[in-house]
Amino acid sequence: MRKIPLLATLTLAASLLAAPPAQAAGLPFQNPALPVEQRVDDLLGRLTLQEKLGLLHQSQAAIPRLGIAYHKNGTEALHGVGWSNDLNANWSQKFAAGTVFPQAVGLASTWDPELIKRVGSAVGDEVRGYNDADPTLWGLQVWAPVVDLLRDPRAGRNEEGYSEDPLLTGAISTAYGKGLQGDDPVYLKAAPVLKHYLAYNNETNRGTSSSNLTPKLKHEYYEQAFKAAISANAATGVMASYNLVNGRPNHVNPDLATTVRSWTDKTLYNVSDAWGPYALTELEKYYDNKPEAFAAVLKAGLDSYTIDDSNAGPLAEQLTAALNQGLIAQADVDRAVRNVLTIRTRLGHFDPDGGPYKKITKDVINSPANQRLNREAAGRAAVLLRNSGALPFKEPKSAAVVGPLAGTLYRDWYGGKAPYQVTPVDGIKERVGDVSTGAGLERIALKHLGSGKYLTATGTGPDDNAALIDTAPTAASQWDLTDWTGGVSTLRNAGNGKLLGGDWRSLDTDDADADGWYVQQQFALEAQSDGSYLIRYAGYETVEGWYALPDPYVTVAADGTLGLAPKAQAARFGKEIVSDGVAAAAAQAAKAEVAVVVVGSHPFVAGREFHDRPNLQLGAGQRRLIEAVRKANPRTVVVLETSYPVVVDAPNLLWTTHAGAETGHAVADVLFGAVNPAGRLTQTWPAGDSQTDIYDYDLAKTGMTYLYGKGKPLYAFGHGLSYTTFGYQGLTVQGDKVSVKVTNTGKVKGDEVVQLYTHQRESRFKQPVKQLRGFQRVTLNPGETRTVTFTLKKSDLAVWDYTRGRWAVESATHDVLVGSASDRIRQSATLRVSGETIPVRDLTKTTRAMDFDDYAGVAFADETKAGGDAVAGSAGDWLSFTGASFGSRFTAGVSSVSGGSLELRSGSPTGALLGTVQVPATGGVYQWGTATATVKAGGGSLYLVFKGDLRIKDFALTRS
């Protein structure tokens with residue numbers, strides 16, 4: 001195999017900007033009348049190796065000799081067109097200014113797939129509109145939706161996902177994906193890619209942490225959200241996630257080439273996440289060199305490398321080396337390129353007229369129709385958490401609308417910049433003549449106790465460093481304090497209106513808002529026992545390896561200049577309240593007929609990529625504001641605008657996510673009854689801070705999510721109130737149909753989200769407390785009754801039988817539960833299902849160690865770098881295999897660096913000793929050997945207890 005010279009790879013990169021020449025259509029790949037497969041075969045045969053390798057990059061060079069234009073992967077389109085990277089501006093981030101819909105978690109709270117499909121279609125139209133305006137900048141492969149299950153509300157990217165439930169997530173992602181793609185049977189309006197495969201729900205140490213997946217939860221829970229959209233042909237591929245699963249990086253997860261592609265007969269185009277292929281050698285140290293790593297990525301089933309911005313040269317160099325070393329073959333390259341070309345053909349890239357969706361122009365961007373849809377979506381997404389009777393408002397003459405989010409809307413990392421904004425106070429002013437407002441913040445001064453001088457802003461330039469200057473507070477040394485969530489705050493200078501930031505360890509005020517990748521405007525004021533405060537810097541660059549300053553705090557040098565240093569050198573400050581915005585807001589509320597307190601989170605503060613939240617607490621200042629306004633005016637409604645669950649309880653509480661440009665209209669529509677709220681929570685809101693390990697993905701053990709949680713949450717999965725009431729009666733289960741009558745028993749028209757759950761009473765395996773099996777959002781007039789019917793097939797009740805490695809429907813009684821939330825079941829019935837009885841486990845056959853019934857202490861590990869799972873344990877860890885029959889001859893596949901042993905015990909980890917198996921050192925964790933011993937035969941529960949550090953992949957206990 002001839003190696004491509006470096007000059008050739010540079011020439012390939014330089015050709016990115018080359019425009020395709022005018023060329024008469026006539027080659028088979030340009031003929032829309034031919035089948036896609038035939039067109040792809042023709043084009044693949046015309047490409048040189050250099051051209052093929054270039055197509056495996058995120059930034060794909062034009063091929064002028066074939067009339068093929070430049071293409072860029074990965075326009076962000078999570079809840080509207082967000083941003084893309086500009087080839088013609090040093091790959092800089094360029095934001096869209098189209099329709100910004102509610103955040104993904106808000107869209108899902110509509111529980112309305114039909115609406116979500118319309119939203120997806122509008123976003124797909126705008127993707128095409130932007131592509132029409134600048135096809136180089138705005139590519140048609142979109143990296144959305146995100147279907148990561150919201151297992152833990154502390155995870156930093158909560159707003160990007162839909163739900164903690166796989167069925168609901170699958171339904172919403174399918175609807176959004178179908179909308180993005182359009183309804184043409186061949187052509188794609190846009191090509192959606194699902195993020196992020198697999199089991200990715202923590203940000204801290206995301207590139208090195210491993211998600212522990214039991215086979216049961218992998219198949220029943222984590223895979224299902226992806227499977228739903230792929231099997232419905234509502235997505236054209238998946239993106240690999242940064243984390244590892246059972247010790248193997250997901251960028252070389254063999255599922256990408258096998259399992260994921262088995263869910264559809266359509267061709268998929270799978271992509272890496274940014275920098276992910278490099279992480280294999282530089283962060284995770286999983287491979288020794290880049291050719292080996294890049295070859296593994298390709299063979300695992302990824303077709304695109306998101307690396308090196310627009311420069312495909314390094315990719316071509318590494319894959320060429322892999323070819324020359326025999327790590328991959330030409331067939332591996334061709335297979336991936338075929339996937340690329342298939343999706344590009346379906347996007348119309350090779351049609352003379354650009355395909356049927358080419359007619360969509362930039363005129364669709366932020367169209368009046370999309371603005372109306374945005375308002376509808378935001379209104380239908382709002383969730384009424386509590387209502388003591390204050391809502392809906394009855395034409396009040398005056399209102400106080402206060403809080404840090406009353407007059408401000410914030411975008412998030414994956415959102416565009418809204419071309420207009422309707423804030424909550426704007427929306428309320430359209431309905432109330434006399435409206436007073438204010439942010440409700442404390443304005444403080446921070447007095448350095450050592451010198452008596454105040455922290456003072458000196459200007460708005462990057463070199464205008466804050467310093468200890470004022471001896472008495474002036475505007476330049478006064479700060480508006482916003483306590484957001486998780487103990488993190490921002491400080492806005494009263495003199496220049498800018499935020500205090502840790503500008504690469506100096507302090508300045510040159511930023512208007514907390515924004516960007518490195519959000520440097522975050523601080524935590526930590527109260528000390530003597531009444532003073534330390535100021536901890538919480539900027540996002542502190543997690544980067546190059547930052548090298550653990551636990552930074554604001555310090556004062558000998559010359560009085562301010563900086564950041566370890567906590568031991570932290571300066572002590574006094575916090576002086578210059579003016580009390582909380583008291584001012586309460587005074588406004590006391591004079592008004594009604595009060596609305598708009599509080600919540602900032603999408604860039606206290607949790608985002610790279611960052612999880614330590615807790616779910618609303619900031620102390622916002623809590624004080626709620627309490628003060630409620631005390632001043634009993635007709636107070638709290639509007640909580642967050643990207644994730646927050647522990648807030650108030651008699652009248654309306655939740656909305658950051659809902660885009662129409663947030664204010666939607667909030668006002670709900671508050672004043674123009675929209676009867678029917679949004680429902682898509683994840684459990686815990687009553688307090690979770691004590692579980694955020695890295696532990698075993699829901700059955702941690703009790704996370706409504707599926708396995710047994711405690712009483714603050715608000716349950718599926719919860720949401722209405723301005724009317726609904727009655728349920730007449731639940732019937734006949735064949736595969738479950739029907740229930742739902743009546744609007746109130747006085748106003750409203751929507752109910754009818755939810756179907758089941759619980760399997762008897763099982764060989766641990767079962768969820770309950771599991772969502774279907775849902776319908778129905779609109780009913782007062783007094784109207786409708787029969788809501790669900791399809792519940794026998795196959796829907798299958799469980800993963802890890803004792804035999806397949807799906808099985810057990811003979812069992814199921815509770816059939818219908819209600820308005822997971823904790824508000826209104827009707828129940830039983831269903832007897834005739835199925836299998838799982839046989840006694842036969843351990844005389846080779847059994848995978850991962851197919852245990854229970855475990856303690858062990859880690860789930862990779863058998864080899866290419867595939868397979870194993871169990872790693874050390875002294876005292878154990879696995880159990882229950883309901884089993886076994887012989888006396890023990891044989892196991894084991895590996896160990898230093899050697900050890902396994903004890904086989906009966907009934908418990910400390911039960912009767914059946915035998916001990918010596919495990920010799922094998923030379924490394926991937927060097928597998930065989931350990932054998934003769935033990936006592938038996939049945940019941942077998943425990944393998946680890947003694948020493950070792951791994952086991954499989955075993956058998958044969959009969960002599």
Side-chain angles (χ1 to χ4, degrees), residues 398-408 423-425 434-449 452-460 466-484 487-501 507 509 511-514 521-527 531-535 554 562 572-592 595-600 602 605 618-633 636 638:
S398 62
V401 185
V402 298
L405 290 165
T408 304
T423 68
V425 72
D434 180 8
V435 176
S436 60
T437 189
L441 304 177
E442 289 180 343
R443 179 164 289 180
I444 66 172
L446 293 167
K447 183 179 183 179
H448 179 231
L449 299 181
K453 295 182 178 180
Y454 291 85
L455 195 160
T456 308
T458 62
T460 59
L468 297 178
I469 297 176
D470 288 346
T471 56
T474 67
S477 53
Q478 296 177 24
W479 308 87
D480 290 328
L481 173 67
T482 307
D483 297 327
W484 290 108
V488 179
S489 306
T490 55
L491 293 157
R492 189 175 299 277
N493 189 257
N496 60 35
K498 303 289 188 177
L499 289 176
L500 183 68
L507 300 177
T509 52
D511 295 303
D513 203 357
Q521 301 79 28
Q522 302 180 85
F523 298 88
L525 273 62
E526 298 180 352
S532 67
Y533 287 83
L534 306 184
I535 306 175
V554 174
L562 296 174
R572 291 181 178 266
F573 291 87
K575 174 184 167 185
E576 299 177 1
I577 298 177
V578 178
S579 60
D580 190 351
V582 172
Q588 289 175 312
K591 297 175 183 179
V596 180
V597 185
V598 191
V599 295
H602 191 304
V605 175
L618 188 65
Q622 295 194 73
R623 295 200 305 270
R624 286 195 298 273
L625 176 64
I626 292 171
E627 293 166 2
V629 174
R630 280 185 54 204
K631 184 175 181 181
N633 187 330
T636 293
V638 176

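Numbering of residues begins at 1 and proceeds along the displayed sequence. These figures come from a predicted structure and were not determined experimentally.
Using a 4.5 Å cut-off on side-chain heavy atoms (C-beta onward), L507 and V554 make contact. Between F573 and L534 there is no side-chain heavy-atom pair separated by less than 4.5 Å. Taking the side chain as every heavy atom from C-beta outward, V598 and V402 never approach each other to under 4.5 Å. Annotation: side chain of R443 is not in contact with side chain of D580 (no heavy-atom distance under 4.5 Å).
Summarising the geometry of G440 relative to V582, their closest heavy-atom pair is O-CG2, 3.6 Å, with the distance given to 0.1 Å. When all heavy atoms of L625 and P404 are compared, the closest pair comes out as CD2-CD, 4.1 Å. When every heavy atom of L618 is checked against every heavy atom of G600, the shortest pair comes out as CD1-O, 3.8 Å. Residues A592 and A400 come closest through the heavy atom pair CB-N, 3.5 Å. Taking both residues in full, the closest heavy atoms of A524 and G487 are given as CB-O, 3.4 Å, listed atom of the first, atom of the second, then distance. For the pair A632 and A586, the tightest heavy-atom approach, listed with the atom from each and the gap, is CB-O, 3.3 Å.
I626 CD1 to K631 NZ: the interatomic distance, rounded to the nearest 0.5 Å, is 15.5 Å. Distance check, rounded to the nearest 0.5 Å: CG of L491 to CD1 of I444 gives 5.5 Å. Rounding to the nearest 0.5 Å places CG of N493 at 8.5 Å from CG of L500. Atom NE2 of H602 sits about 12.5 Å away from atom OG of S489, to the nearest 0.5 Å. Rounding to the nearest 0.5 Å gives a distance of 5.5 Å between NZ of K575 and CG of L481. Note that CG of L499 is 8.0 Å distant from OG1 of T482, once rounded to the nearest 0.5 Å.
Remark: Y454 pairs with no residue by the ring pair (Phe, Tyr, Trp, His ring centres under 6.0 Å) rule, at least two apart or across chains. Residues meeting the side-chain hydrogen bond (donor to acceptor under 3.5 Å, both in side chains) test with N633, sequence neighbours left out: none.
Judged by distance alone, the side chains of T490 and W484 do bring a donor and an acceptor atom under 3.5 Å apart. Counting only N and O atoms by type, the side chains of R572 and S532 include a donor and acceptor under 3.5 Å apart. No hydrogens or angles considered: a donor-acceptor pair under 3.5 Å links the side chains of Q521 and D511. With 3.5 Å as the limit, one finds a donor-acceptor pair spanning the side chains of T509 and N496. Side-chain atoms of S398 and D434 form no donor-acceptor pair, as typed in the model, at a separation below 3.5 Å.
R492 contributes no side-chain N or O that, together with a main-chain N or O of D513, makes up a donor-acceptor pair within less than 3.5 Å. The backbone N or O of T437 sits less than 3.5 Å from a side-chain atom of Q588, completing a donor-acceptor pair. Panel note: side chain D483, backbone G619; no donor-acceptor pair is recorded below 3.5 Å.
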| said: Does K447 form a side chain to side chain contact (heavy atoms under 4.5 Å, CB included) with E576? I'd like the steps, not just the answer. | reply: CA-CA 7 Å; K447 183 179 183 179; E576 299 177 1; 3.4 Å; yes
| message | Let's go through E627 and V597 carefully: what are the C-alpha distance in whole Å and the side-chain angles of both, what is the deciding distance for side chain to side chain contact (heavy atoms under 4.5 Å, CB included) to 0.1 Å, and is it a yes or a no? | response | CA-CA 10 Å; E627 293 166 2; V597 185; over 6 Å; no
| Under the side chain to side chain contact (heavy atoms under 4.5 Å, CB included) criterion, do L405 and V599 qualify, and how do the steps go? | CA-CA 6 Å; L405 290 165; V599 295; 5.8 Å; no
| said: Working note: L525 + L446, criterion side chain to side chain contact (heavy atoms under 4.5 Å, CB included); need CA distance, chi angles, decisive distance, verdict. | reply: CA-CA 10 Å; L525 273 62; L446 293 167; 4.3 Å; yes
